[in-house]
Structure formats: C-alpha cells, structure tokens
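A note on names: the letters A, B, ... follow the listed sequences, proteins ahead of strands, and every chain is numbered from 1.
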Number of protein chains: 2
Amino acid sequence: MRRHYATIKDIARALNISVSTVSRALRDTYDVNAETRQLVLDKAAELHYRPNFNATGLVKNSSHNLAVLLPGITNYYFSTVFTGIQEIAYRHGYNLILHVTNDDAERELNIIRSLSFSSLDGMLVSVSSQADACDHFQEIIDDGVPVVFFDRVAEHVSTSKVMQDDYNGAFEATEHLIAKGYRRIAHIAGPQGLTFTGNRQQGYLDALRKHKLPAQDSWIIHSGFSQDSGYQDFQQLWQLRSKPDAIFAVNDRKAVGAMLAMKEKKIVPGKDVGVIGFTNDPVSAIISPSLSTIAEPAFEIGKVSCQLLLNHIRKKNFIAEEVVLPGKLIERESTQR
Amino acid sequence: MRRHYATIKDIARALNISVSTVSRALRDTYDVNAETRQLVLDKAAELHYRPNFNATGLVKNSSHNLAVLLPGITNYYFSTVFTGIQEIAYRHGYNLILHVTNDDAERELNIIRSLSFSSLDGMLVSVSSQADACDHFQEIIDDGVPVVFFDRVAEHVSTSKVMQDDYNGAFEATEHLIAKGYRRIAHIAGPQGLTFTGNRQQGYLDALRKHKLPAQDSWIIHSGFSQDSGYQDFQQLWQLRSKPDAIFAVNDRKAVGAMLAMKEKKIVPGKDVGVIGFTNDPVSAIISPSLSTIAEPAFEIGKVSCQLLLNHIRKKNFIAEEVVLPGKLIERESTQR
DNA sequence: GGTGTTTTCGGTAACGTTACCGGTGAAATT
DNA sequence: AATTTCACCGGTAACGTTACCGAAAACACC
C-alpha cells in the first residue's frame, strides 16, 4: 500500500505558508514567529509528520546511521558490547545498522562491498576470524569513512581501536593457576592470526617463563571459539602422553566445553584439573563447579568504542586512539583444589 | 574530515557522458551500449563509487532498511531470533536497524517517536513488558507502515504475528511433570499483561485441570524474566506452608535462577523438586542437573517473521497472517526422580 | 519623516539519483 | 532512395529537505 507520508510541503499547503518557514519552524525557533511555529507544530502532529531522513541526509551529507559489523550476536560478549554501543548511540540520536558476518570472511566482504557510506556516518567493526580482508578496511578508511575497531582488531589498519587488556589478563590467569599449585598448564587457544588470540597466548607463555614452568607445543591447541571446539580440544589434550594438570582457555565457552568433556571422563575441574576461562560469561557462574575467569569489560568496550567513533565523526583530523581496558580476575571453584 | 564520495556526476564528468547514461549503465543494461557500460563500470570501480541510498531512497520512496525493535539482545532467544531475521534480510539485500528497548516502555516510546518511516520499509517488533504502547503501534500501521510482531505481540493490533505455540508448549511441559509423578506443580510466570505469559499460564492451568490436580493462586508467581527473578520466586515459594514438588518456569533463565536457589538450600532439582523451563537456552544443557525444557524455534521465528514482512512490503493489500510454530519437549535430568 | 534595524517570511538552488520523454544517427525495410 | 525502425544517449523534472539570499513589514531612532 505504501501510503504517502506527510511532508513539509503538505504542512505548508495546509497552512498556506512556505516550505522554508515550515522547515525552520520544525527545527529551531530561528527566524520564525512563535505563533506560526505553534501552528506548524500542531499541524505536523495532526498529520503524523516525520522528517524524511533520506532528504535531510542528502542535503546535510550525513545520515544518523552507524554500521556495526560483528562476527555473531548470539553470545554474551558481543551482545553485551552491542548493548554498550547502543547505549551511547541512543543518547546521541544515532541509529545502528547491525551486520552479522557469522565469522565468514566471504560474507564479511560481501557486506562491506554493499555498504553505502554516503548513508553512513561511521563504522564499528570486530573482524571475522579469517582476517585477510584488512586491505578492504584500509581502503574504506582512506576514502574518509570513520572506523573504530574493537576486540578483534585489524592490526595493520591505522584507525582507532578498543580492546580489553588481553596480554595482562592472560598473564594474570596463568599466574593464578600457578599460585593455586598447578604446574603443567595447557592453553586452549583461538584461531591463529587474530591479534587478541596472539596476545593471550603471549601472556600465557610469559607467565610460564617467569615462573620457569615448562611450555610444550602440544599443550597449545588452536581451534575455533565455540563450546564444541573446547570439547574437542580437551579430548586431544587427554590423548597426550604427558597430560596437563590445568587449562587456560581463550574464552569461557571453550572452557565450558572442556569441562563438559572432563565430566564425561569423571575428571573433576579444580580438584583434578584446574580450569580458567576468559570473558566472565554468565554461564561461568552457573556451571558446576563454577568457572574461574578473567572478566572482560564488554559493556564498557561498547560504550567507549561508540564514544570514540562519535568524536571521530565530529572532529575533523581526529587522531586515531588505542584504548586498552583492564580485565579482572574472578576466582571460582574450577581453580580450587 | 568527511571527504566527498564519488557520485554518478563525477563518473559522467570523467567520461564526458551524461548522468542519465551513467545511471542506466550502473543498473540494468537497458538502453545502454555494452562498451559504454563497461567504461562506466570501470570508472566507478576506480573512483570507489557507491550508490547514495539517501538519493535512491528519496526518488524510489523506499530505503532498504528494516527496523527491528527488541526488549534486549543479551539473551539466547532474542539474539537467535535476530540471527534468523538477519539471514533472510541479508539474502534480500535489506539492512537491519536494531533498536533495543531494555524492556523499558518509555524508551520504547521514545524510539518509536523518533523513527522516520520514510527511510524505513518495515518493522519487526517484540514489545516490551509493559505493553500499554499498543495504540502507538496501531497508529503506525494505520499510517501504512508494514509491521510484523513476534514473540511478544501486541494483541489488539491488527497485523501479522509470529509466535511459538505457547499454550501447547506449556501444556506439554506441565503434563510431562505430571507423567513423571509430580503432583504439586507451581508456575513461575512472567509479568502480567503479556500475551505469551497468559498463554503459557493457561496451558499450565488446563493441564492441571485435565489431570484433576490442585491449582493454587499462591503457586503462581508473576515477576520479571531474569534469572534473579526466578531466584526470588523460589524463595517466595519455599516460604509457603504448602510447598510444591515441581516448578514450571516461564523460561529457562527463571528456571535456572530457581535451581540456583534450590542448590543453596540443598534441594536437588529432579529428585526433590522437578523443574522444567521454556526456551532451550544452551545453559539448560550445561547446568547440573541439566534442565528439561520446551525448545522454542527461535531461529525459525526470526526467518518466518522477516519473510512475512518482506511479503507484506512487496504485495499491496497483504492480509495479516498469524503464524504459530510448535515447540518441542526436551527431557533432561531436572525432571527425573 | 526619512533612515536604519529587526523580525519574519518567501523564493531558489542544491544534495544524488531515477523516470520519462525526446532526439540523433545508423541500420533495416520497402 | 525514401521511409521506417531501432539502439543509444541527453535533458529535465522530481523526490523532501535545508541553506542562502532577498524582501516586506514593523519598529526604533534622531
């Protein structure tokens, strides 16, 4: 059906005044009589007038849209980050266009290619695992589109980035295991090539080195981020001749997967094998034994990212910033002997 | 900085041809020489040309945007529905503008009021708990905006709706508890006033009646949807003189909250008090004992909703449809004695 | 009462794109 | 050779809004 929505022309015609006056009345009180203004406002309400953002965007060369590019939304971390982004965007009257890549590089590329930057004021991006699409982002940035990366950042692209402190978080997690008496510590890692995966692995390795503990290649397993990956990874670890006595998982989902595998083998997390995750997914408090973890400031990351993007949009020649937010160790049962 | 993005005028100027020809070349091959077309395409790629959706939207009177209005995104159900919506939207080249209300009626209203329908082809809505904003939706629909409700529908608004089969799901869940030998069955419900809350409660009541089991007002508790609400609700139930021996929770989160409260009191779910939820949140398989539940077709609901909306947008005089998708009983430990 | 100032409004062009109509030249037809 | 047809292209107006300039009216000033 697509009826004709009321426009300022309709208001002008109904009131027998010019569109310019209506336009002015609808925004600021600038150059318009209070009486006239009220007439316009009343008529606008009567006709259910809503401004046409296509038109305003065209003339002002700015929509009020931000694009958000995410690998997925069905997990605690990203959905919380998004909520943080939304909090700031809402306050400033920006709309969020959410694109989910399903962690698929091809889909990511398709989405990027189909974006219309003229109806977009900026972008918030967490790249997919296969991060070879970086040059495409660089191209966009060179074209003048404000972009802020968070969490999964494209390393060689020069723009603002917001991350949790992956290195120190991993370091702290590993030291916590050591403090609790575990000595043979394995690492269930994420896919190779991602910045934060590398940082967490380095934190883990450096903590081991500091305490002069053995680091074995076979104790580091790279795979996906899913719970199932964690489950598989543990199976693989347990086939080893020299088994670890503790596990630092790159995120809580993988830690949970590992714990589920342990349960099947009657291995008790904490008592038999220490487990620590990363994220502080709500599930870590629900699972039994409960899961120690490094809490990520997901909501905060969303807020900061969005704020940074808005600064970027408003100020010209904005200098790229890198913000690193600290995590926090949360001790639970899975690291108590 | 906001550089000037390349337009078809730039392409026309560079190639010394008219904008009309460029416009035609960029879309269909209609009325344009293959050679010219190629020249345009090459130049467009060279200049990083992207169509300005504000301009196309203005002249074609349709953006390619759909608005999605949700109470929250940080839970399994809504994030999965959204992923389903996105799947269909992506296939058809639609963008999704996601608005999160935080289950706050005022915020919901603010968002609705600020929407520009002229830059929106349709809306997908799950209303907030306090569903008194229904007349606002009716107004929008009367203005000709295609709207599809899902899950939390506004009952008296005449438009398409997509829901899971709340009544039968609740009925089946309650019957399952009865079949497992529980007799004093309580219901931890959602807030009053919501359609699906009422449907689930009715399914529960009818199952009790069918099996001639007692139904007590004090065994039905209305509160929020959160895990914490479930925790509180159980506390309240356990202060009763006549305690129930089983609980049907309106969703898994509340069931989990109740189970956590039980754990504190050394009550074993299943053995002492049967528990069944609704959703099939992944956490229900992780918690111990694992939680029986009614699985909701969340992803499917998203897909169907979006498909319905697209039909609505394309066909004029589209008749409102109501789709009800069946749930599925999943037996786990929390209902085994 | 002429001059300046302010208030209030209208007209026009522009944003980037498409729809529509008209025109040119060449090819096809008789 | 004259006419018709067709492929291809250009010009113009329009979408809804705002920015800018100018003008009319009202008011103030000496």
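With rounding to whole Å, I8(A) atom CD1 is found 11 Å from dA19(D) atom P. Here dG10(D) presents its P atom at 15 Å from NZ of K9(B), a figure rounded to the nearest Å. F117(B) has its CZ atom 17 Å from the P atom of dG16(D), to the nearest Å. Protein atom CD of Q38(B) is 15 Å distant from nucleotide atom P of dC8(D), rounded to whole Å. In this entry the distance linking NE2 of H64(A) with P of dT17(D) reads 16 Å, nearest Å. For the pair L58(B) CG and dA14(D) P, the computed distance is 14 Å after rounding to whole Å. Taking atom CD1 of I17(A) as the reference point, atom P of dT8(C) lies 14 Å away to the nearest angstrom. Rounded to an integer number of Å, the gap from CG of L15(B) to P of dG10(D) is 10 Å.
A donor-acceptor contact closer than 3.5 angstrom links the side chains of Q164(A) and Y77(A). Between the side chains of N95(B) and H64(B), not a single donor N or O lies within less than 3.5 Å of an accepting N or O.
The shortest non-hydrogen separation linking S160(B) to H312(B) is OG-CD2, 4.5 Å.
In this pair, F78(A) and F150(A) present their aromatic rings perpendicular. The plane angle is above 60°, beyond the 30 to 60° band.
Side-chain N/O atoms of N52(B) include none lying less than 4.0 angstrom from OP1 or OP2 on dT17(C). For the OP1/OP2 pair of dA14(C) and a distance below 4.0 Å, the side-chain nitrogens and oxygens of K60(A) include no atom meeting the criterion. Phosphate proximity of dG10(D) to T21(B): present, with a side-chain N or O under 4.0 Å from OP1 or OP2. The side chain of N54(B) contributes no N or O atom lying less than 4.0 Å from OP1 or OP2 of dG16(C). One finds no side-chain N or O of T7(A) lying less than 4.0 angstrom from the OP1 or OP2 phosphate oxygen of dG16(D). Taking side-chain N and O atoms only, S20(A) has no distance below 4.0 Å to OP1 or OP2 of dT18(D). Proximity of Y49(A) to the phosphate of dT17(D): a side-chain N or O atom is located under 4.0 Å from OP1 or OP2. Put simply, S23(B) has a side-chain N or O that comes within less than 4.0 Å of OP1 or OP2 on dT18(C).
Cation-pi contact between R50(B) and Y5(B): absent, since separation from the ring centre below 6.0 Å together with deviation from the ring axis within 45° is not met. The cationic atom of R107(A) (NZ for Lys, CZ for Arg) lies less than 6.0 Å from the six-membered ring centre of Y90(B) and within 45° of the ring axis.
In terms of polar N and O atoms assigned as donor or acceptor, the side chain of D31(A) comes within less than 3.5 Å of the base of dC9(C) in a complementary pairing. Put simply, the side chain of R24(A) and the base of dG10(C) share a donor and an acceptor less than 3.5 Å apart.
Along DNA chain D, the nucleotide nearest V32(B) and the nucleotide nearest T56(A) are compared for position; the residue whose nucleotide lies closer to the 5' end is V32(B). For the pair V59(A) and V59(B), both in contact range of DNA chain C, the more 5′-proximal nearest nucleotide belongs to V59(A).
Looking at heavy-atom distances under 4.0 Å, R27(B) makes contact with sugar-phosphate atoms alone, never a base.
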